[in-house]
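The analysis underlying the following values was restricted to heavy atoms, covering all of them including side chains, and did not include hydrogens, waters or symmetry mates.
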Amino acid sequence: MGRKIISARIKSIYGRQLAPTWDQNYQPSILATRQEAPSHSSASKITFDKFHREIHLLSQPELHLCIFALHHPNIVGLQEQRILSPVPSVHPLSSFEGVDKLSLPSLQGTLNVAERLGFSEIHQKLKIKGKSGFHEVTIPFIGDFLFAIAINDEIKCLDWSVKSQQKIFTEIELYQFDKVK
């Protein structure tokens, strides 16, 4: 996999996640397809009638836990394979219908958080050719599930990371680029 393919992939990921919705038009950053899913994954897609769309899952643990979670009566939305924005952004629920957008805090972005914690080196960057030359782009972290949950007449978010082994949580793994050497 060459630099051009990685650049195209990053552009695709950011393009899908530019303004993620909570309806049937939601597009995950990584699709559960042979071309996009990590080569070592067991990617799958399921259809959940409540959301009127396919849900893209990149592992067996994701599949099992997603099915489990979707049976909870208070789950009212799901965004799988959602990027964690490296730069300041609006709250994920700002596009959820019926939520008071003015009461939602904005997010600082993972670059800001990593810098404040002294871990700014964990973010990988890539130079991508644009219309006005090359630009440095941060490769975003990608979450497994972002659930919208109705609790006491209020909608809340739950970001749920799914890993099959404890040690994976301590490793920075940009698995979508696992073929790059």
N/O donor-acceptor pair under 3.5 Å between His72 side chain and Phe68 backbone: no
Side-chain touch Ile149/Ile155, heavy atoms, less than 4.5 angstrom: no
Chi angles and distances behind the side-chain hydrogen bond (donor to acceptor under 3.5 Å, both in side chains) call for Gln81, Tyr26: CA-CA 11 Å; Gln81 317 314 327; Tyr26 175 75; over 6 Å; no
Minimal non-hydrogen separation, Gln17 against Gln27, with atom names: NE2-O, 2.7 Å
Pair Arg16-Ser29, side-chain contact (heavy atoms from CB on, under 4.5 Å): steps then yes or no: CA-CA 6 Å; Arg16 290 179 188 150; Ser29 61; 5.5 Å; no
Shortest non-hydrogen contact from Ala32 toward Lys45: O-CE, 3.7 Å
Contacts under 3.5 angstrom, residues 90-97 side chains, donor-acceptor by atom type, not counting sequence neighbours:
residue	atom	partner	partner atom	Å
His91	ND1	Leu93	N	3.0
Ser94	OG	His91	O	2.8
Ser95	OG	Pro20	O	2.9

Heavy-atom side-chain contact between Glu54 and His56 under 4.5 Å: yes
Return all side-chain donor-acceptor pairs below 3.5 angstrom for residues 106-114, not counting sequence neighbours, or 'none' if the list is empty.
residue	atom	partner	partner atom	Å
Gln108	OE1	Arg116	NE	3.4
Gln108	OE1	Arg116	NH2	2.9
Thr110	OG1	His123	NE2	3.0
Asn112	OD1	Arg116	NE	2.8

Lys101 NZ: over 12 foreign heavy atoms closer than 6.0 Å: yes
Within-4.5 Å side-chain heavy-atom neighbours: Ile55 and Leu78: yes
Asp23 side chain vs Asn25 backbone, donor-acceptor pair below 3.5 Å: yes
Cluster check Leu57, Leu158: I/L/V/M/F/W/Y, side chain < 4.5 angstrom: yes
Heavy-atom closest pair, residues Ile13 and Pro140: CG2-CG, 4.2 Å
Distance-minimising heavy-atom pair for Lys127 and Ser7: O-OG, 4.1 Å
CG-CD distance between Asp159 and Gln79, expressed to the nearest 0.5 angstrom: 10.5 Å
Heavy-atom check, side chain of Ile83 versus side chain of Tyr14, under 4.5 Å: yes
CD (Glu115) with more than 12 external heavy atoms under 6.0 Å: no
Distance, nearest 0.5 Å, that separates CD of Glu154 from CG of Asp100: 9.5 Å
Heavy-atom closest pair, residues Ile46 and Cys66: CD1-SG, 4.3 Å
Any donor-acceptor N/O pair, Glu36 side chain to Leu31 backbone, under 3.5 Å: yes
Arg82 bridged to Glu80 by N-O distance under 4.0 Å: no
Donor-acceptor contact below 3.5 Å, side chain Gln124 vs main chain Thr138: no
Gap between atom OG of Ser44 and atom CD of Glu62 - 0.5 Å precision: 8.5 Å
Non-hydrogen side-chain atoms of Trp160 and Leu146 separated by less than 4.5 Å: no
Sequence-distant partners of Phe51, ring pair (Phe, Tyr, Trp, His ring centres under 6.0 Å), two or more places apart: Phe48
Shared hydrophobic cluster, Leu18 / Ile10 (ILVMFWY, side-chain heavy atoms < 4.5 Å): no
ILVMFWY network linking Phe141 to Phe119, side-chain heavy atoms under 4.5 angstrom: yes
Point-to-point distance, once rounded to the nearest 0.5 Å, from CG of Leu63 to OG of Ser42: 8.0 Å
Where Trp22 and Gly77 come nearest, the two heavy atoms and their spacing: CZ3-C, 3.6 Å
Min side-chain heavy-atom separation Ile75-Phe145 under 4.5 Å: no
Between CZ on residue Arg53 and CD on residue Gln24, distance to nearest 0.5 Å: 9.5 Å
